[in-house]
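Below is one structure, written out as C-alpha cells; comments come after it.
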Number of protein chains: 2
Amino acid sequence: MLTVANYDATPPLQSAIWVPLNLILFQREETLRPLPRTDERAQHVLNVLRRQVGDAFDAGIVNGPRGKATLLAITDRQLELSFAWTTEFTAPDPITLIIGLPRPQTARKILQETAALGVGALHFVRCDKAEPSYADSTLWHSGEWQRHLEAGAAQAFCTGIPAVTHGQLFSDAIQSLPASANRIALDNYEAPSALSQCQPANVTPLTLAFGPERGWSAGERDLLREQAFALAHLGTRVLRLETAIVAALAIVKAQRGLM
Amino acid sequence: MLTVANYDATPPLQSAIWVPLNLILFQREETLRPLPRTDERAQHVLNVLRRQVGDAFDAGIVNGPRGKATLLAITDRQLELSFAWTTEFTAPDPITLIIGLPRPQTARKILQETAALGVGALHFVRCDKAEPSYADSTLWHSGEWQRHLEAGAAQAFCTGIPAVTHGQLFSDAIQSLPASANRIALDNYEAPSALSQCQPANVTPLTLAFGPERGWSAGERDLLREQAFALAHLGTRVLRLETAIVAALAIVKAQRGLM
C-alpha cells in the first residue's frame, strides 16, 4: 500500500537525487501555519512535483502519521496547505546501532541509509581508533545530520526518524544499553562466525555495534565481550563501513521476515 | 586470512576514500614491465602507502592470484617491482544481476559495491521505464565503468572482477540466461513475498533482476513470469536502487552462509 501510494506520487525515480522527497515531511508545528515559498519543500512541491492550487501530494509528520497535503493557495510569500492523515505512525524496528565515528562523508551516507532502512537509534561513538576530530564536523554542529535522516525517511516513504547521539564515549554508550537487548558486534578480525549464523531472537530489541573504519581496539573487544556482545563477521571481503551497515541490517531484517 | 593480510597492509581506513586501494590490482601483462610513475597506482604506493625501495605492498592480478609486490627500484620515470603470489584466485559467487539502466551516478555506486560484495556478472539492460540516454553516458563509453569495478574489488581485498554488459535489451538478457539458474526479480508492487522467504537452492547459480528506478512495466513482469522468475520484495520501504541491491545481495549471501 505504501508503494502503491508512492506509485501515484513522485515516482521512485526521485529516489536517486541527493535529497529524495517521495514524501514531504513536516514537524507537527509546521503543519499549523503556511509554508514559506523560500522553504526547499515549497520549491520541490511547485517546481519538481509541479503541484498547483487544488492538487495534493504525499506528506507526513516526523514520527507521526502520513497522508496527503492539499495546496489551498499559493502567494508570493507562502503556500497554504491542508492535511489529511490516513496512515498511523508505526515505530521503526527496535534495532540500535553503535557506530565508531566515521569521516563525515561516510556518516552522511549512513544517516540517510539507516533512516531509509529503518532503525530505532544510532549512536556515533568515540573509539580508540576513530579520528577524534570527526566529532567536530559541521555535519554534527550545524544540525545538517538531521536533514540526512529526514531525507532517508522521505526516501523510504516513512515518517520515523531514528534517535541519534554523537560523540559519546564507546564505553559509556554500551554500558547504557537496555539490559534485554540481543547484542552483536561486527568484527572482521576475531569473530568466530558469520552474522547469518547468529540468530537473534526476533522479538527482542537488537543492538549491532560497528567499529570505526580502522576497527576495534583490543580493549574495546574486551569490553564488548564483558557486555555480552557476540562477535560476528560479514565474510572475508573488506567492505566499506556504509556497505557493511546496509548488509548487516538487511541480514537481521531478513531474519525477522521484514525484507 | 584475507583480513589478517589486510590488517598488516593498508588499514581499512583507506576503504572510505573514493578509490579505495587496500589491494593494488594489475593486469597480468602490467606485471611484466615497470610501472610508470605517472600511473595513479605508483602515486598511491609512494605517497599514500609511503613505500620505499625494499618495501612490499599487497597486490593482485585482475581475475588472478593475490600476494605481495616488492619495490625493487624507484627512478624518476618508473617503479621496478617484483611479485610473489601467495593466494590462488577463487571465482566469485555464481550470482548474476540484471539491472535496469540507472542514471550514471547510481551505476557508479552499483559497479563499486557489487564488485566489493562479489558477483559473477552484471547486465545493465534497457527497460521500458529506463531513460534510454543513460546508455550513452561517458561512464560506459570511456571505459570508466571498469575502474569502478577494480576499485570495488580492491576495496574488498579480492581480485575477481564481474563480467559486465550494458545496453542489451531486457528481453534479450533474460532469454540468454543459463537454463539452470534460480531466478528472482525484485518488485515493490506485485511481489507476493519477501526475498527472505524465497529460499534459493544454495548450490546452483542465482540470477537477481532489479527493475529501473521507475520499476518494471506490465510487459516486463509478464516476461519475467514466463521466464520462471519468482517476484520478491524487500519490505514496504522504498529503497534507492543501490541500497536495494546491497541489501538483496546480503540476504542471498547470508542464505548461502557467506555473510
Side-chain angles (χ1 to χ4, degrees), chain A residues 1-4 6-7 11-17 20 22-23 102-103 105-106 112-113 116-118 129 131 152-153 155-158 188-189 194-197 211-215 233-244 246-259, chain B residues 1-4 6-7 11-18 20 22-23 102-103 105-106 112-113 116-118 129 131 152-153 155-158 188-189 194-197 211-215 233-244 246-251 253-259:
Chain A
M1 179 208 154
L2 276 185
T3 46
V4 172
N6 185 64
Y7 211 18
L13 180 61
Q14 290 298 334
S15 69
I17 63 176
N22 289 331
L23 181 70
R103 68 193 59 223
Q105 195 46 41
T106 301
Q112 281 204 27
E113 290 190 319
L117 287 162
K129 295 185 183 178
E131 168 55 47
Q155 157 66 47
F157 214 69
C158 293
N188 273 2
Y189 303 116
L195 179 60
S196 59
Q197 305 313 306
E213 289 156 332
R214 281 201 179 99
H233 63 73
L234 289 171
T236 55
R237 291 170 171 267
V238 180
L239 301 177
R240 293 184 193 216
L241 178 60
E242 61 268 35
T243 307
V246 172
L249 278 175
I251 289 166
V252 298
K253 284 173 173 271
Q255 288 172 330
R256 294 164 176 238
L258 297 171
M259 285 186 99
Chain B
M1 177 207 156
L2 275 187
T3 48
V4 171
N6 185 63
Y7 211 18
L13 180 63
Q14 290 300 331
S15 69
I17 63 177
W18 183 80
N22 289 332
L23 182 69
R103 68 192 58 220
Q105 194 46 41
T106 300
Q112 281 206 25
E113 291 191 319
L117 287 161
K129 295 185 183 179
E131 169 55 46
Q155 157 66 47
F157 214 68
C158 293
N188 273 3
Y189 303 115
L195 179 60
S196 60
Q197 306 313 306
E213 291 156 330
R214 282 204 176 97
H233 63 73
L234 289 171
T236 56
R237 291 172 170 268
V238 181
L239 301 177
R240 294 184 193 218
L241 178 60
E242 61 269 35
T243 308
V246 172
L249 278 175
I251 289 166
K253 284 172 173 272
Q255 288 172 331
R256 293 163 176 238
L258 298 171
M259 287 186 97

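Sequence lines set the chain letters: A, B, ... in the order given, protein chains first and strands last, and positions in each chain run from 1.
Considering CZ of Arg237(B) and CG of Asn22(A), their distance stands at 12.5 Å, rounded to 0.5 Å. Rounding to the nearest 0.5 angstrom, the gap separating the CG atom in Leu195(A) from the CG atom in Leu258(B) is 13.0 Å. Expressed to the nearest 0.5 Å, how far OG of Ser196(A) lies from CD of Gln255(B) amounts to 9.5 Å.
Highest contact tally toward chain B, considering only Pro102(A), Ala248(A), Ala116(A), is held by Ala116(A) [criterion: heavy-atom pairs under 4.5 Å].
Side-chain contact between Met259(B) and Ile251(A) is present, with at least one heavy-atom pair separated by less than 4.5 Å.
Gln155(B) places a side-chain N or O within donor-acceptor distance of the main-chain N or O of Val238(A), the cut-off being under 3.5 Å.
When heavy atoms are compared at a cutoff of 4.5 Å, Leu249(B) does not approach chain A at all.
Applying the side chain to side chain donor-acceptor pair (under 3.5 Å) rule to Thr243(A) yields the partners Glu113(B); only residues at least two apart in sequence or on another chain are considered.
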